[in-house]
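The chains referred to below are lettered A, B, ... by the order of the sequence lines, with proteins before strands, and numbering in each begins at 1.
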Protein chains: 2
Amino acid sequence: MDKLTDKQQRVLEFISGYTAENSFPPTLKEIASKFRVTIGTVQDHVNALKTKGYLERKKDIARGFRVVTGSEPKSSPALIPLYGNVAAGEPIFAADNIQGYVTMEKRKSGHHIHFALKVKGDSMTDSGIYDGDIVIVRKQDSAEDGDIVIALLDDEATVKTLRNRRIKAYLEASNSRYKAIINKPFQIIGKVIELRRAYG
Amino acid sequence: MDKLTDKQQRVLEFISGYTAENSFPPTLKEIASKFRVTIGTVQDHVNALKTKGYLERKKDIARGFRVVTGSEPKSSPALIPLYGNVAAGEPIFAADNIQGYVTMEKRKSGHHIHFALKVKGDSMTDSGIYDGDIVIVRKQDSAEDGDIVIALLDDEATVKTLRNRRIKAYLEASNSRYKAIINKPFQIIGKVIELRRAYG
DNA sequence: AGCTTATCCATAATTAAATATGGTGCTGCA
DNA sequence: TGCAGCACCATATTTAATTATGGATAAGCT
């Protein structure tokens with residue numbers, strides 16, 4: 001990347017700082033008045049920053065800046081809803097079942113829908129998942145052998161290990177006191193991608 | 001804060017996600033086309049989010065949204081350093097031992113120092129802490145009976161359960177194949193307040 | 001039944017913001 | 001000396017985006 005002039009540097013910093021403060025980037029006019037120059041001048045600066053690779057810009061888009069961060073991806077984390085445990089028969093993603101929100105690091109995965117669920121029961125203790133733990137789930141309707149999944153079974157959402165063997169798929173609890181669920185139909189809602197547990 | 005309806009929730013998530021992806025928030029029109037409704041409808045949703053306190057908005061400002069996260073309006077979630085496992089004798093908080101950063105929800109606790117540590121070994125498996133898990137630790141030099149702590153023992157940082165009984169304090173592994181550590185001097189570095197585990 | 005809230009519609013008016021065009025001086029440099 | 005890059009100006013045009021109005025339907029509450 002080319003080096004920036006003093007002025008260009010300051011403009012870039014202003015855009016970056018403004019965005020951090022307001023959660024949206026400035027307009028050309030705002031930049032102009034900050035540096036007491038005209039919009040035309042700012043156009044020049046912005047173009048320079050663009051061609052030098054420090055700034056991305058979308059055409060015809062108000063405040064359409066993105067400061068290209070060299071190394072650190074300062075992406076703000078996404079907020080996903082945390083659902084309480086679901087009793088049989090009730091809809092899973094009911095709005096009044098939302099117990100709070102959890103921040104999740106933005107991963108490159110991108111276009112998946114995520115949610116969090118509070119685990120109830122001890123059927124997965126052998127896999128280190130305990131009552132009260134929170135699992136973060138990526139919505140998907142299929143998974144692979146060995147994945148820990150959220151499955152809909154008798155209208156109830158449960159955490160289980162998916163077994164997808166030769167004959168047919170079944171669900172396995174990881175506490176030996178529980179039997180594997182083999183002969184019931186079930187539907188996979190999502191795959192557990194992260195576990196969180198809070199200590200007193 | 002009032003609870004959000006299902007639709008409002010989805011709108012809020014869209015705004016949050018769009019902003020994370022583009023570094024600037026969406027327009028009303030973009031929200032509208034995402035949900036296949038008209039701008040007028042989005043105005044209603046946005047106003048609802050505003051009055052319920054989940055969203056801030058500047059008047060007459062293009063893309064002037066700010067998603068209010070959790071309790072504090074301006075504080076973004078804290079980034080805390082993730083340290084790799086520490087070999088004996090080496091300084092624990094060395095800068096070149098930082099393996100990354102983890103976002104942590106801002107808690108009311110406030111004035112504590114936190115860090116994250118990658119767990120190595122299987123001495124805590126009976127408590128559901130496995131090799132490769134990440135623990136989030138609040139720095140403190142004492143703890144109570146039953147707390148899971150990071151202790152410095154022979155210049156090495158380990159995860160153990162603190163036992164603070166009548167006679168003296170000692171450290172207990174939660175895998176029965178390991179013995180409790182009773183007669184060695186140790187120093188408590190911090191208390192584990194959260195556990196995270198990523199699944200493939 | 002009357003009230004509130006949530007969800008939706010269509011359209012006009014207005015303002016915010018980006019873009020286009022064509023300039024002026026200055027500097028360093030080949 | 002002439003060219004290239006930088007920093008600046010002024011103004012007009014076009015498009016993006018917000019705001020304003022006024023209304024429709026359904027669900028839930030008292």
Salt bridge (Lys or Arg N to Asp or Glu O under 4.0 Å) pairs, two or more places apart, involving residues 22-48 of chain B: B:E30-B:R63
Would you say B:S23's side chain and A:F65's backbone share a donor-acceptor pair under 3.5 angstrom? yes
Partner set under side chain to side chain donor-acceptor pair (under 3.5 Å) for A:N47, not counting sequence neighbours: none
Find the distance between CZ (B:R196) and CG (A:L195) and round it off to the nearest 0.5 Å. 10.5 Å
Atom NZ of B:K52 to atom P of C:dT5: distance rounded to whole Å? 10 Å
Using a cut-off of strictly less than 4.0 Å, decide whether A:H45 has a side-chain nitrogen or oxygen near OP1 or OP2 of D:dC6. no
Think B:T5 has a side-chain N or O under 4.0 angstrom from the OP1 or OP2 of C:dT5? no
In the 5'-to-3' direction, what one-character label does each nucleotide of nucleotides 9-30 of chain D receive under the scheme B = base within less than 4.0 Å of a protein heavy atom, S = sugar-phosphate only, - = no such atom? BS-----SSBBB----------
Could you tell me whether B:D145 and B:R163 have a side-chain N and a carboxylate O separated by less than 4.0 Å? yes
Pairs flagged by ring-ring contact (aromatic ring centres under 6.0 Å, His included) wherever residues 26-45 of chain A is involved - sequence neighbours left out: A:F14-A:F35
Measure the distance from CZ on A:F24 to P on C:dA16 and round it to the nearest whole Å. 14 Å
Between B:F24 and A:P25, what is the shortest heavy-atom contact and its length? CB-CD, 3.4 Å
Residues in side chain to side chain donor-acceptor pair (under 3.5 Å) with A:Q140, at least two apart? A:R138
For B:L12 and C:dT7, what is the distance between atoms CG and P respectively, to the nearest whole Å? 13 Å
For the helix from C:dC3-D:dG28 to C:dA30-D:dT1, what angle lies between the axis at the first five pairs and the axis at the last five pairs, to 10 degrees? 30°
